[in-house]
Amino acid sequence: MNIDSLNEKQKEAVINYTGPMLILAGAGSGKTKVLTTKVAYLINEKNIYPENILAITFTNKAAKEMKSRIYSIVGSKAFKIQISTFHSFGLKIIKENARLLGYDSNFTILDSDDSLSVVKKILKEFNIDSNKYNPKAIRNVISNNKNEMIDAISFSKYAHTDFDEIVNKVYEKYERNLKLNNAIDFDDLLILPLKLFKEYPRILQEYQEKYKYVFIDEYQDTNEPQYILSKMISAKYKNITVVGDADQAIFTWRGANYKNILNFEKDYPNCKVVLLEENYRSTKIILKAANNVIKNNKIRKEKNLWTQNDEGCKIVYYKAFDEKDESSYVVHEIKRLLEENVSPNDICVLYRANAQSRTVEEAFLTSNISYNIVGSYAFYNRKEIKDLIAYLKLIYNNKDDISLLRVINYPKRGIGNKSIENLSIKADIENKSLYEVISSGKELQFKNIIEDIKQEVDKISLTELIDLILDKAGIKSDLESEKTIEADIRLENLEEFKSITKTFEDSEGIISLGDFLDELSLVSDVSEQKDDNSEKVTLMTMHSVKGLEFDYVFVVGFEEGLFPHVNSMESNDELEEERRLCYVAITRAKKKLYLINARSRILYGKVSSNIPSRFVKEIGDDLLETVGKKEEVIFKNKIDKTNMYNDDNDLHPGDIITHDKYGTGVVVSIDGVIASIAFKKDGLKKLMKNHKSIKKV
């Protein structure tokens, strides 16, 4: 096969195929190309069986792209390679060894909402006040501990507070309930394979023999179970290639440990290290800015991105007056780019916190610019879709109490809390699932509906099964009877779900309910959300943009307290993570980068005055073109917004005032900086008492 298109470092990474290898791949350095070429090289040039190759990445989208690229080189052999996410690989191992782990083969997988439902149910059983002990907080502690390999028994050793004691009690019952329900949660997809390998070394040896060549992408994002799984699988042959960049480690807050990649050479003392530093994405100016920022981090592997691309234009730095001025500037510049025939798809607006998107979105709406917010309310998280999926899960696994509790009284069937409580008591006494102990009343009518649908499952397609559930369960007639726009939208979403089943049937050629539920459980990529394929400007957080690139990137909120975030100020580790996040944001831009901050900002309902982010200084003045100076008038009406507040209006209850918008009013009360003012036409308004628009008569 031809590898002449690779640079020398990339070739070095590809042709050295035995033993451990660490590929430190800078942003835009072609790491996916190297990884896929190396896998293809093993098959085409070294005659390695594709069945002996395991390639792990972090998203379904990345796994599909990897498989597609390898297919273009080696053809149908690509389908014999195990290319998947860690969670998909974990599911495969559990499926193949369910009995040894104590599960029936038709176990169901709980998502985070299902897990929360289990926690809430347990709190209720223990008569624990959920207002005092937050169910989400308890679920998160359980999840975090599972990912740190701390089980319920071990957690008891760390329980020192009342909250810890409650968590410990819930944790133990939570694990028992899942086992009883023949269910596992998302964390178990990583934990159970490790348990299997520890208890059955022979099984581990079989997988080691099967997967002689292991590839791990984005290694800096691995958590403890993923790290251990990688080591265990590759322990026999040690043909493990990991690819990543410690400078792009931005997910420690969700359990990732970037020190795994920093310590790879300690884990494998004879490993080969290859640095990919040539960037094919960005201009020289953009790369200089990225290098200038990241070199301030102390804990990192030394490398320096460079490129043969053009020098490029300077980074535009706009100092806005407030968040509205910030959004106006972004829209103004994007309109100019669109007039120059730049595609909306090539433009992205990044922010540190989701809450920042509101004013940007408002500006886009008033300017009629099409946009897409990545991470907005996902299709699969809509109530009606989760209800439908719960029906599917219950039909597949009758022991799934979580799904049963979600839909037993949806649509309403007159099955109240008392009936469910009685069922729960009976199930606990008999050590059975809720479904198994249903024997009378309206609950039995519900059970008969499920049984009737079950009779048809193997005779019809998945798409037909959806129609059957909507009709038999009464969901369709219930929504139609509401005769509201909201109900119509819900019904449209349920109808749209049939597009998903149809696509699955057409692409996979499979109509197995179990396989379909497995696929659904693993769908987490934002890219897999419903979209109309029209050209749009993208709005997203800096965390969401990792792995993507755009010609033109706008980064808003470039100010202290917001970016770096105020919560990172007390910890050097967290501050370094913010700097890595800045590095990621900068290196998304191919042609031009805009950095915008605001002197004053209303966020989370509070007004704050801000100084520019320290990252501006780290980038360096020589790389910046500063616009929006105080004396410049850019926007309509030529209003000087630099002084929107008086020092003190000296308002008191009873004072008569005039307001630029509402006219004459009377001050009713003063509470701190807030004045309650009664206006003749507009009624009572609460306003900042020292705002420029208020004048005392």
Side-chain angles (χ1 to χ4, degrees), residues 59-61 63-64 67-68 79 84-85 87-88 91-92 95 105-114 183-184 186 189 376-398 400 402-404 406-407 410-411 446 449-480 487-533:
T59 65
N60 294 322
K61 181 185 176 185
K64 286 176 183 174
K67 187 171 286 188
S68 174
F79 297 116
S84 63
T85 63
H87 288 92
S88 295
L91 175 59
K92 174 182 168 63
K95 281 274 183 184
S105 58
N106 65 332
F107 62 83
T108 47
I109 305 166
L110 308 186
D111 63 16
S112 57
D113 283 349
D114 294 332
I184 65 175
F186 217 62
L189 294 175
S376 58
Y377 204 65
F379 182 76
Y380 290 105
N381 284 333
R382 297 178 189 275
K383 180 188 179 299
E384 61 272 20
I385 300 302
K386 291 187 79 69
D387 289 338
L388 178 56
I389 292 171
Y391 269 104
L392 291 170
K393 286 182 174 181
L394 184 61
I395 289 162
Y396 180 62
N397 173 17
N398 296 157
D400 185 353
I402 317 310
S403 295
L404 180 141
R406 184 177 183 98
V407 298
Y410 175 73
F446 168 76
I449 291 170
I450 301 300
E451 289 296 318
D452 288 345
I453 296 172
K454 278 177 65 180
Q455 297 297 318
E456 303 297 319
V457 168
D458 294 329
K459 304 174 188 175
I460 58 179
S461 70
L462 285 169
T463 307
E464 290 168 335
L465 176 61
I466 302 305
D467 277 327
L468 184 62
I469 293 170
L470 295 179
D471 288 328
K472 274 270 188 185
I475 298 170
K476 189 174 183 179
S477 59
D478 181 67
L479 289 171
E480 286 175 341
D488 289 344
I489 292 170
R490 289 196 189 102
L491 198 52
E492 285 173 7
N493 289 333
L494 290 167
E495 291 293 330
E496 177 60 22
F497 192 87
K498 290 191 290 185
S499 299
I500 298 165
T501 56
K502 187 71 169 64
T503 301
F504 180 76
E505 289 167 340
D506 291 346
S507 63
E508 302 294 333
I510 299 170
I511 58 170
S512 161
L513 177 56
D515 287 347
F516 179 64
L517 288 173
D518 287 347
E519 185 81 359
L520 273 187
S521 299
L522 298 167
V523 170
S524 58
D525 286 358
V526 292
S527 60
E528 293 171 6
Q529 294 175 22
K530 181 183 171 186
D531 195 10
D532 58 10
N533 295 320

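Source: prediction; values computed, not measured.
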- prompt: Do Leu479 and Glu384 have side chains that get closer than 4.5 Å, going by heavy atoms?
  reply: no
field: Inter-residue atom distance Asn398.CG - Lys393.NZ, 0.5 Å rounding
entry: 14.5 Å
Show me the donor-acceptor pairs, under 3.5 Å and distance only, between side chains in residues 469-477 and residues at least two apart or in other chains.
residue, atom, partner, partner atom, Å
Ser477, OG, Gly474, O, 3.2

- prompt: Does some side-chain heavy atom of Leu394 sit less than 4.5 Å from a side-chain heavy atom of Phe446?
  reply: yes
- prompt: Is there a side-chain contact between Leu189 and Ile184, using heavy atoms and a 4.5 Å cut-off?
  reply: yes
- prompt: Which residues pass the side-chain contact (heavy atoms from CB on, under 4.5 Å) test with Thr85, sequence neighbours left out?
  reply: Asn60, His87, Ser88
- prompt: What residues, two or more places apart in sequence or in another chain, satisfy side chain to side chain donor-acceptor pair (under 3.5 Å) together with Ser84?
  reply: Gln82
task: Take Leu392 and Leu465 through the test side chain to side chain contact (heavy atoms under 4.5 Å, CB included) and record every step on the way to the result.
output: CA-CA 9 Å; Leu392 291 170; Leu465 176 61; 3.8 Å; yes
field: Sequence-distant partners of Lys498, salt bridge (Lys or Arg N to Asp or Glu O under 4.0 Å), two or more places apart
entry: Asp467, Glu495
message: Run the side chain to side chain donor-acceptor pair (under 3.5 Å) test against Asp387 and tell me which residues pass, sequence neighbours left out.
response: Lys383, Arg406
query: Side-chain contact, heavy-atom cut-off 4.5 Å: Ile450 with Leu404?
result: no
message: Checking Asp111 now: which residues fulfil side-chain contact (heavy atoms from CB on, under 4.5 Å) with it, not counting sequence neighbours?
response: Asp113, Asp114, Lys386
